[in-house]
Amino acid sequence: MSTRITIDSISKHYPSMGPEGGITKAVDGISLVIESGHLFFLLGPSGCGKTTLLRMIAGFIEPTGGRILFNDRDITNLPPNKRNTGMVFQSYALWPHMTVAGNVGFGLGVRKIAKDEKEERVQEALKAVRMAEYAERKPTQLSGGQQQRVALARALVVRPDVLLLDEPLSNLDAKLRLEMRSEIRRICTETGITTVYVTHDQKEALSMADGVAVLDMGIVAQVGKPRELYNRPASRFVADFLGETNFIHAEVAGKDGDAIRLHSPAGDLHSTAYDHDNAPGGGNVTCSVRPEAFRIVEPKTDDALTGKIVETIYLGEMAQYIIELPGDTRVKVFELHPGELKKVGDPVTTHVNPRDVVILAD
Ligand code: ATP
């Protein structure tokens with residue numbers, strides 16, 4: 001049976017080291033449910049508390065308050081070796097003097113598993129990470145990506161209820177990182193083990209996750225599936241952290257059917273991407289519009305913004321423009337597979353679909 005993780009108002013406070021004393025709230029009352037069999041990401045900038053939360057799930061750090069449950073079992077006060085978790089660290093922490101098989105089987109020896117079963121399970125774990133033919137090599141005879149696979153096999157061999165990954169790809173080069181993203185995704189799907197994955201790399205989270213919690217200064221800024229978070233960020237922090245965006249300040253001018261009509265210094269816009277249970281009836285709002293959501297169009301389109309190009313960068317598969325709109329508003333716009341490039345000073349008209357104008361809650 002796979003494991004659902006319930007994190008209930010968990011906190012970790014440390015005494016502050018500064019001259020004024022006080023406390024650092026590394027994790028400050030986080031509640032989350034991680035569904036059984038999901039690959040779930042804790043994503044956020046350095047210092048947001050993601051490693052502290054992962055280590056509390058592993059049992060290496062004792063919480064100041066709150067509870068952690070694996071299914072209905074409260075494991076908050078269990079020592080790490082009684083939780084049946086497998087952990088993969090940023091540095092793979094392989095023993096250089098042991099073979100790959102020796103490294104992978106070490107945990108089973110500690111658990112006093114019989115020799116035959118141990119060999120069978122080591123083989124099974126090495127097969128799962130596609131490293132069976134490397135069993136007799138030493139870690140120094142492996143590439144970084146292969147060492148990472150061995151570290152994963154070592155975590156899987158104990159048949160953990162929960163797999164915990166702490167920035168597992170950060171020591172790999174860009175190409176290997178891409179390859180290992182698909183590998184980890186495949187292994188999680190095939191084994192069905194509930195996995196918690198810590199990273200500050202939003203692309204990693206967006207491309208692999210079933211669910212993501214974006215953390216900011218010890219609290220959860222937003223939880224959702226990758227597309228929900230990217231397309232409908234709730235706050236400036238989430239919109240900005242999950243990719244490039246333009247913030248446009250506007251005044252709510254009324255409604256046209258389901259869409260909110262907005263007056264901005266750059267021109268008029270419509271939005272259908274807002275909190276429908278709590279729709280702003282008036283006042284000032286901030287909108288987030290992704291650079292790829294703008295379409296460069298012919299002049300005189302409805303709801304179009306007209307300005308001029310102030311910067312053009314050719315990036316191969318796309319052109320990146322900075323467009324100056326009325327009211328001192330500058331927006332970044334991506335044009336995929338560009339035809340003729342626009343030049344600095346060229347007049348330009350852009351349009352954005354109302355579903356891509358996201359009215360932020362704060
Ligand atoms: P990074 O990506 O840099 O590893 P993180 O999001 O994993 O960052 P944590 O390591 O969880 O962040 O730390 C969260 C906050 O708690 C930071 O401000 C950190 O300085 C503080 N902190 C972590 N461990 C301790 C400790 N043992 N004593 C005091 N403060 C700590």
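Note that the structure is a prediction, hence the values are computed from the model and not measured. As the structure lists them, so they are numbered: ligands from 1, and atoms in each ligand from 1. Along the sequence shown, residues carry numbers from 1. Just so it is clear, the values below take in all heavy atoms, side chains as well, and ignore hydrogens, waters and symmetry mates.
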Ring of Tyr14, cation from Lys12 - is the NZ or CZ under 6.0 Å from the centre and inside 45° of the axis?
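So Lys12 does make the cation-pi contact.
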Tell me, please, whether Phe241 has Arg236 positioned over its six-membered ring: NZ or CZ under 6.0 Å from the ring centre and within 45 degrees of its axis?
no
May I ask you to list the residues sharing a hydrophobic cluster with Val352, side-chain cutoff 4.5 Å, ordered by chain and number?
Ile248, Val252, Ile260, Leu262, Leu269, Tyr274, Val285, Val289, Phe294, Ile296, Leu305, Ile309, Tyr314, Tyr321, Ile323, Leu325, Val331, Val333, Leu341, Val348, Val357, Ile359
So which pairs with a foot in residues 198-226 pass side-chain hydrogen bond (donor to acceptor under 3.5 Å, both in side chains), sequence neighbours left out?
Glu167-His200, Arg185-Asp210, Tyr197-Glu204, Thr199-Glu204
Check whether more than 12 heavy atoms from other residues, nucleotides or ligands sit under 6.0 Å from atom CD of Glu120, and answer yes or no.
no
Distances for all N or O pairs of ligand 1 and the protein under 3.5 Å?
{"from": "ligand 1", "atom 1": "2 (O)", "to": "Lys50", "atom 2": "NZ", "distance (Å)": "2.7"}
{"from": "ligand 1", "atom 1": "3 (O)", "to": "Ser46", "atom 2": "OG", "distance (Å)": "2.6"}
{"from": "ligand 1", "atom 1": "6 (O)", "to": "Gly47", "atom 2": "N", "distance (Å)": "3.3"}
{"from": "ligand 1", "atom 1": "6 (O)", "to": "Cys48", "atom 2": "N", "distance (Å)": "3.0"}
{"from": "ligand 1", "atom 1": "6 (O)", "to": "Gly49", "atom 2": "N", "distance (Å)": "3.1"}
{"from": "ligand 1", "atom 1": "6 (O)", "to": "Lys50", "atom 2": "N", "distance (Å)": "3.3"}
{"from": "ligand 1", "atom 1": "6 (O)", "to": "Lys50", "atom 2": "NZ", "distance (Å)": "3.0"}
{"from": "ligand 1", "atom 1": "7 (O)", "to": "Thr51", "atom 2": "N", "distance (Å)": "3.0"}
{"from": "ligand 1", "atom 1": "7 (O)", "to": "Thr51", "atom 2": "OG1", "distance (Å)": "2.4"}
{"from": "ligand 1", "atom 1": "8 (O)", "to": "Gly47", "atom 2": "N", "distance (Å)": "2.8"}
{"from": "ligand 1", "atom 1": "11 (O)", "to": "Thr52", "atom 2": "N", "distance (Å)": "3.0"}
{"from": "ligand 1", "atom 1": "11 (O)", "to": "Thr52", "atom 2": "OG1", "distance (Å)": "2.5"}
{"from": "ligand 1", "atom 1": "12 (O)", "to": "Gly49", "atom 2": "N", "distance (Å)": "3.4"}

With Phe106, which residues qualify under ring pair (Phe, Tyr, Trp, His ring centres under 6.0 Å), at least two apart?
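Listed in chain order: Trp95.
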